Amino acid sequence: MSDVKITKPSQADLARIGIDGWNPWECEPSEFDWEYDTQETFYVLEGLVKVSTGTGEVEFGKGDLVTFARGVKCRWHVIEKIRKVYRME
């Protein structure tokens, strides 16, 4: 899926990109629509989420580094409480 990229970074990768300085966010199990007006990259500290976009469905959870492209419209389904740190680009 070209509008969402998911990787499993190493601890060295996380240190290199500086996630310790990123903003925290969390959400209890729920469903909601979202549109990305800028690119967002985040690292999932805990939880499980399914997201549906115009090009398909992705699932991500603890240990995933996820990037949503600018302009993506989607529906989030938070299955297990998510805690993440993020940066907008």
Side-chain angles (χ1 to χ4, degrees):
M1 181 177 295
S2 63
D3 49 4
V4 182
K5 179 181 175 187
I6 301 171
T7 61
K8 291 274 191 197
S10 68
Q11 290 300 313
D13 292 334
L14 296 175
R16 182 180 50 77
I17 61 176
I19 68 161
D20 289 342
W22 292 9
N23 298 310
W25 183 84
E26 61 183 58
C27 182
E28 297 293 331
S30 57
E31 288 189 44
F32 57 91
D33 293 324
W34 194 255
E35 182 174 352
Y36 289 88
D37 58 359
T38 186
Q39 178 175 294
E40 180 181 337
T41 300
F42 58 86
Y43 180 69
V44 181
L45 301 169
E46 72 176 64
L48 181 63
V49 176
K50 282 187 183 180
V51 174
S52 300
T53 72
T55 59
E57 187 172 89
V58 295
E59 184 174 291
F60 49 84
K62 183 178 180 178
D64 288 333
L65 184 68
V66 184
T67 300
F68 278 85
R70 180 177 183 227
V72 172
K73 294 179 182 179
C74 57
R75 179 145 185 95
W76 277 58
H77 179 170
V78 180
I79 300 164
E80 297 173 6
K81 178 183 176 180
I82 184 172
R83 282 190 327 110
K84 68 177 186 174
V85 290
Y86 71 95
R87 72 173 180 206
M88 307 301 267
E89 301 174 50

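On a predicted model such as this, the values are computed, not experimentally measured, just so you know.
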Just verifying a value: how many Å separate [X] [atom1] and [Y] [atom2], rounded to the nearest 0.5 Å?
X: Asp13; Y: Tyr43; atom1: CG; atom2: OH; value: 10.0 Å
X: Arg75; Y: Phe32; atom1: CZ; atom2: CZ; value: 9.0 Å
X: Asp64; Y: Leu48; atom1: CG; atom2: CG; value: 9.5 Å
X: Glu40; Y: Arg87; atom1: CD; atom2: CZ; value: 10.5 Å
X: His77; Y: Glu57; atom1: NE2; atom2: CD; value: 9.5 Å

- prompt: Do Arg70 and Asp37 meet the salt-bridge criterion of a basic N to acidic O distance under 4.0 Å?
  reply: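 No, this pair does not count.
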
- Message: Check Lys81 with Glu46, please: is the shortest side-chain N to carboxylate O separation under 4.0 Å?
- Response: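 Here Glu46 does not pair with Lys81 in a salt bridge, since their nearest N and O are not under 4.0 Å apart.
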
Least distance between heavy atoms, [X] atom then [Y] atom:
X: Ile6; Y: Glu59; answer: CD1-O, 3.8 Å
X: Cys27; Y: Trp25; answer: CB-CH2, 3.2 Å
X: Pro9; Y: Gly63; answer: CD-O, 3.5 Å
X: Ala69; Y: Tyr36; answer: O-CB, 3.7 Å

Looking at Thr55 and Thr53, would you say the former's side chain and the latter's main chain have a donor-acceptor pair under 3.5 Å? no

[X], [Y]: one ILVMFWY side-chain cluster at the under-4.5 Å cut-off?
X: Leu65; Y: Phe42; answer: no
X: Ile17; Y: Tyr86; answer: no
X: Val4; Y: Val78; answer: yes
X: Phe68; Y: Trp34; answer: yes
X: Ile82; Y: Val72; answer: yes

### Note, Leu45 side chain near Lys62 side chain (heavy atom, < 4.5 Å)
no

Student check: side-chain heavy atoms of Lys73 and Asp33 closer than 4.5 Å:
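No. Closest side-chain heavy atoms not under 4.5 Å.
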
- prompt: Near Glu89 CD, under 6.0 Å, is it more than 12 heavy atoms from other residues, nucleotides or ligands?
  reply: yes

Problem - Phe60 and Trp76 aromatic ring geometry - parallel, tilted or perpendicular at 30°/60° bounds - result: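 Rings of Trp76 and Phe60: perpendicular, over 60°.
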
